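Presented below is the structure to which this report refers.
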Amino acid sequence: MKLGYMTNGFGPLVGDGGGVTSVKDIRYLTMCDDSEVFGKIAEVGFRYVEMLEGNLTKYAGNPEVLKEALEKNQVSIMSICSGANFIYRDALKDEVAHMDAVSKMAADFGVSYITLCGGAIRAAGIQDGDYTLLAEGVAEVKKVIESYGLKASYHPHLGAMVEKPEQIEKLFDLSDIDMCPDVAHIQAGGGDPLEVVKKYYDRISFMHLKDLDENGFAPLGTGSVKLDEIITYLKDRGYEGDWLVEVDGYGGDPVEACKTSYEYLKGKLI
């Protein structure tokens, strides 16, 4: 079992500026010193990390710098999180090309998973057929990811087409992609994360753990997500997959959030 921590809680989340004018350059990016963040996470006790795609591909011209930073801090990349619009057929070719580059580089770094967020909401709102387009787009990207020996999964996410329970069902009825359940996103979208985990247990690739309080996403054990019940259920079912802790969009100290979450997991996963 691998247990990792997401680096995107250690800086502002932005998009690469080139994506404003070129679809092939759209990507998530956390504004931070990656090596410094690896060190902070490792000092707490985590040995694996998840990075946003932009934080990986910014080293495309000098991958040795990223390799040295990982080795220096004795951590490995477990997963990469990426996003796309998926529903615009003309743009999809460039999104697929981008994911090909991300997947190739991820494979070179021994990454296990690429988890996908997204599904654009049009200015006029979600249209008839958009979930079919989303499923078809996800299928094309999934094929690319798997061609590099990586596991592809979809992450229901606030602000996209798949955040509410009925929206999750629509996509997963149309797609055979695995799920990376983010329990706090599911709850914030109006769902019961334990019930979603139960329903899609056989399709879970790996888990995203975070908590949720009245201010938003929060360190593990400090909010209202039934994390104990979710972890217990999965362990009782014999789940042997990996776990990723993410405390993004949190207003407090990211190092303290990392420490609080690690302490919460002692006796449960540690």
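All values below come from the heavy atoms of this structure, side chains included, with hydrogens, waters and symmetry mates left out. All residue numbers in this chain count up from 1 along the given sequence. Computed from a prediction, not measured in an experiment: that's the story for all the values here.
- For the pair Glu53 (side chain) and Gly83 (backbone), a donor-acceptor distance under 3.5 Å is present.
- In this structure, the side chains of Val96 and Leu92 come closer than 4.5 Å at one or more pairs of heavy atoms.
- Under the side chain to side chain donor-acceptor pair (under 3.5 Å) test applied with Ser205, the options Ser79, Ser112, Ser153 reduce to a single match, Ser153.
- The pair Asp248-Lys210 meets the salt-bridge criterion, since a charged nitrogen lies less than 4.0 angstrom from a carboxylate oxygen.
- Phe109 and Lys67 make their closest contact through CE2-N, 3.8 Å (heavy atoms, listed as atom of the first residue, atom of the second, distance).
- Around the CG atom of Asn62, the shell of radius 6.0 Å holds more than 12 heavy atoms that belong to other residues, nucleotides or ligands.
- Note that the CG atom of Leu52 and the OG1 atom of Thr7 stand 6.0 Å from one another [nearest 0.5 Å].
- No donor-acceptor distance shorter than 3.5 angstrom exists from the side chain of Arg47 to the backbone of Leu3, with no hydrogens or angles considered.
- A donor-acceptor pair under 3.5 Å links the side-chain atoms of Tyr131 to the main chain of Met161, judged by distance alone.
- Looking at heavy atoms from C-beta onward, Val111 lies out of side-chain contact with Met51 at the 4.5 angstrom threshold.
- Side-chain atoms of Tyr264 and Asp211 include no donor-acceptor pair closer than 3.5 Å.
- Rounded to the nearest 0.5 Å, atoms CG (Leu56) and CG (Leu29) are 11.0 Å apart.
- No side-chain donor from either of Asp108 and Tyr148 sits under 3.5 Å from a side-chain acceptor of the other.
- Rounding to the nearest 0.5 angstrom, the gap separating the NE2 atom in His157 from the NE2 atom in His208 is 9.0 Å.
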Test side-chain contact (heavy atoms from CB on, under 4.5 Å) applied to Gln187 and Val196, step by step: CA-CA 10 Å; Gln187 183 164 308; Val196 171; over 6 Å; no
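- Ring pair Tyr200/Phe172 is tilted by interplanar angle, where 30° to 60° counts as tilted.
- For the pair Glu36 and Lys40, the salt-bridge criterion is met [side-chain N within less than 4.0 Å of a carboxylate O].
- Listed for the Lys235 side chain is a donor-acceptor partner under 3.5 Å among the backbone atoms of Lys268.
- Nearest approach of Asn73 to Ala42, heavy atoms of both residues: O-CB, 3.4 Å.
- Side-chain contact between Leu150 and Ile80 is absent, with no heavy atoms from C-beta onward closer than 4.5 Å.
- Counting heavy atoms from C-beta on, the side chains of Lys58 and Asp34 come closer than 4.5 Å.
- The shortest side-chain heavy-atom distance between Leu194 and Lys226 does not fall under the 4.5 Å cut-off.
- Among all heavy-atom pairs drawn from Met1 and Gly241, the shortest one is CG-O, 3.4 Å.
- Between Tyr233 and Tyr201, the angle of the ring planes goes over 60°, which puts this pair in the perpendicular group of the 30/60° scheme.
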Pair Val197-Met207, side-chain contact (heavy atoms from CB on, under 4.5 Å): steps then yes or no: CA-CA 9 Å; Val197 166; Met207 291 293 301; 4.0 Å; yes
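- In this structure, Lys164 places its NZ atom where only 12 or fewer heavy-atom neighbours from other residues, nucleotides or ligands lie under 6.0 Å away.
- Closest heavy-atom contact between Val247 and Ala218: CG1-C, 3.7 Å.
- The shortest distance between side-chain heavy atoms of Asn8 and Tyr28 does not fall below 4.5 Å.
- From Asp242, atom CG reaches atom CD1 of Ile204 across 12.5 Å, with rounding to the nearest 0.5 Å.
- Counting only distance, with no hydrogens or angles, the side chain of Ser175 and the backbone of Ile177 share a donor-acceptor pair below 3.5 Å.
- The SG atom of Cys81 sits 4.5 Å away from atom CE of Met6, with the distance rounded to the nearest 0.5 Å.
- Side chain of Ser147 to backbone of Val144: a donor-acceptor contact under 3.5 angstrom is found.
- Here Arg89 pairs with Glu140 in a salt bridge; the nearest charged N to carboxylate O distance falls below 4.0 Å.
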Worked check of side-chain contact (heavy atoms from CB on, under 4.5 Å) between Val141 and Ile114: CA-CA 10 Å; Val141 172; Ile114 292 186; over 6 Å; no
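- Electrostatic pairing of Asp130 and Arg122 counts as a salt bridge here, judged by a charged N lying under 4.0 Å from a carboxylate O.
- Remark: the backbone N or O of Ala69 is not paired with any side-chain donor or acceptor of Glu71 at under 3.5 angstrom.
- For the ring-ring contact (aromatic ring centres under 6.0 Å, His included) test with Phe206, the passing option among Trp243, Tyr239, Tyr113 is Tyr113; the others fail.
- Taking all atoms of both residues into account, the shortest heavy-atom contact from Ile230 to Pro193 is CD1-CB, 4.0 Å.
- The line from CE of Met99 to NZ of Lys143 is 15.0 Å long, rounded to the nearest 0.5 Å.
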side-chain contact (heavy atoms from CB on, under 4.5 Å) between Val75 and Phe46, worked out: CA-CA 8 Å; Val75 296; Phe46 293 97; over 6 Å; no
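- Between the side chains of Asp213 and Tyr250, no donor N or O sits under 3.5 Å from an acceptor N or O.
- Within the 4.5 Å cutoff, the side chain of Val23 has no heavy atoms near those of the Asn85 side chain.
- Side chain of Asp182 to main chain of His185: a donor-acceptor pair is present (N/O by atom type, distance under 3.5 Å, no hydrogens or angles).
- Of all heavy-atom pairs spanning Tyr5 and Ala257, the tightest one is OH-C, 3.7 Å.
- With a 4.5 Å cut-off on side-chain heavy atoms, Met179 and Pro156 count as touching.
- At least one donor-acceptor pair under 3.5 Å links the side chain of Ser261 to the backbone N or O of Leu220.
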